[in-house]
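Chain A is the first sequence line, chain B the second, and so forth, proteins listed ahead of strands; every chain is numbered from 1.
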There are 2 protein chains.
Amino acid sequence: MVSPTLTRPRGDRTRQAILEEALQLATVVGLHGLTIGTLATRMEISKSGLFAHFGSKEALQQAVIETGVAHFMARVIRPALLLPSGVAAVRALFDGWIHWSSEEMAGGCLFITAAVEFDDRPGAVRDQLVELHHQWLEVVGGAAVRARASGAFRADLDEAQFAHDFHAILLGFNQARRLVNDPDAKTKAERAFQRLLRDASVSSP
Amino acid sequence: MVSPTLTRPRGDRTRQAILEEALQLATVVGLHGLTIGTLATRMEISKSGLFAHFGSKEALQQAVIETGVAHFMARVIRPALLLPSGVAAVRALFDGWIHWSSEEMAGGCLFITAAVEFDDRPGAVRDQLVELHHQWLEVVGGAAVRARASGAFRADLDEAQFAHDFHAILLGFNQARRLVNDPDAKTKAERAFQRLLRDASVSSP
DNA sequence: GCGCTATACGAACGTTCGTGCTATTTACGC
DNA sequence: GCGTAAATAGCACGAACGTTCGTATAGCGC
C-alpha cells in the first residue's frame, strides 16, 4: 500500500508545490506583483516549465486564490462551523481569521490584498473575489443567525450588518499590523470585537 | 493686478495639472499601477517631458501622495477641526471622509490603496504612508478627546481605540463600495458609526 | 528685440513582463 | 526493458516599463 501522494502523477505534485509557494508569495507582493519569472526562480524551475502548468497568468492567479480558499476553509471556516453554538462559531471565526492571517500567511490576508488590486480590474479574478466576499459574509452572518436563534444574540439583530461590522474589524487589524506594524493590533481588534459582541448580545442590565 | 496663477512659472502649472490627473488615476490603478507612459498619454504630453518634472517614479509617487494630502486636508480635516464641538468634529470627519472618498476621488481612497500596495515595499513612499496614517489617527483621536472633555463622550474612553475603530469603519465602507459595489455601503457604514458613537457617549439610561 | 533658461520633445537604452514554439528529459503502463 | 506520453528546459518574441540623452522650442528679463 502506497501513499496516495506518491501515486498521484508527478505533474500534479509540482503544480501543488508551485501553488503553495505562490500563495505565500502572493500574500506579500499581491496577485499582480506575483510574477512567473520570480516564482520560477524561487521554485528552482524554468519559467516555461512553470508556465506550462497554468497556460496563462490569469489562470495562475485563479489557482492561487483557490489554493488560498482551500487553506482558509480548512483552517478557519470548517472548524468554526463544526461548533454547536452560534456564539462559539462567531468567536472561532474571529480567532481563526486573526491567527490564520497573521501566523499562517507570510504577508497577511491574500483576499484583502487582492481585493484592493482588482477592485478596478474587471475580469474572472475580480468576479471570483466578489463571490468569495459574499460567501464569507454569509458564513459570518449565518453564525450570527444561529446565535440569534439560540437566544444569545438579540432577536432584532441584523445579521448582514453584523457580518459587515465583523469584517471591518478584520480589515482594521490587517492594516494596523501590515502597514504600521502596530504591536497592539491584536488587542485593538479584540476590543472592537468585544464591543460588537456586547452590542449583538441580549442586554444584560 | 494679475492672478497669481498666471504669474506662476509655466512649468509649475503643468506640473500641478499632471499631479491633479495623476491623483485621480492613482486612486483607480494604484501608485504602482500608475505608469508614466499612460499618464503622459492622458495628459497629451511626451513621456520624457513629463518625467523631467519629477526625476524618478518614486518622486512622482511622493508628489501624488502630497497632492492627495493637500486635497484631504482642505476638504475633510480642516473644515472638521474648525467646528467648536468635539462631537461635531468627529461627525464631520466621518461624513467628510465618506463624501471625499466616494464622490471626489475617482477610485476611492488613495491612501488605503497605497497602504496595501506598499505595506511590504520598504522605502520613502511607505514611510510617508505610515506617517500619514499616524497623523490621521491622531486627528480622529484628538477630536474624541475634545468630545470627552466636553462631557459628551465617556470619561474613560480610550481615544486611540476610538480612532482605530473609527478608521476600521471607513475601511469596511471602502471595500464594500469598491469591490462588491454594495449599494448599502453608506448605510452600513453609518450604522456602524452610530454604534461607535453610542458606545463612546455617556450612557443614557 | 536679444539672449538666456525653462520646458518639452523624440529616440533609444537595458530590463522585465507574459507567452509561444521546439527540443529534451523523465516517468510509467505494458 | 521498451515505447509513449507527460513534464520540463531552452530560446525567442513583442510589448511595456523607467530612465537617459541630445536637441528643439517657447517664455520672459533685460
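Contact check of residues 22-49 of chain B against DNA chain C (heavy atom, cut-off under 4.0 Å) returns Ile45(B), Ser46(B), Ser48(B), Gly49(B).
In this structure, Gln24(B) contributes its side chain and Glu104(B) its backbone to a donor-acceptor pair below 3.5 Å. A donor-acceptor pair is defined here as one N or O able to donate and one able to accept, closer than 3.5 Å; no such pair exists between the side chain of Glu21(B) and the backbone of Met43(B). With hydrogens and angles ignored, the 3.5 Å screen pairs no side-chain donor or acceptor of Thr38(A) with any backbone N or O of Leu34(A).
Residue contacts for Ala52(B): at a heavy-atom cut-off of 4.0 Å it reaches no nucleic acid atom on any strand shown.
Atom CD of Glu58(B) is separated from atom C1' of dG18(D) by 13 Å (rounded to the nearest Å). If you take CG of Leu50(B) and C1' of dT19(D), they are 13 Å apart, rounded to a whole angstrom. Rounded to whole Å, the distance from CZ on Phe54(A) to C1' on dT8(D) is 14 Å. Atom C1' of nucleotide dA26(D) and atom CZ of Arg13(B) are separated by 12 Å, given to the nearest angstrom. Straight-line distance from the NZ atom of Lys57(A) to the P atom of dG20(C): 15 Å, rounded to whole Å. Taking atom CZ of residue Phe51(A) and atom C1' of nucleotide dG10(D), one finds them 15 Å apart after rounding to whole Å. The NE2-C1' distance, from His53(A) to dA6(D), rounds to 10 Å in whole Å.
Of the options Thr113(A), Val28(A), Leu110(A), Leu23(A), a side chain to side chain contact (heavy atoms under 4.5 Å, CB included) to Met105(A) is made by Leu23(A) and by none of the others.
Phosphate proximity of dA8(C) to Thr14(B): present, with a side-chain N or O under 4.0 Å from OP1 or OP2.
Using a 4.0 Å cut-off between a side-chain N of Lys or Arg and a carboxylate O of Asp or Glu, Asp199(B) and Arg195(B) do not qualify as a salt bridge.
When the salt bridge (Lys or Arg N to Asp or Glu O under 4.0 Å) test is applied to Arg121(A), no partner is found at least two apart in sequence or on another chain.
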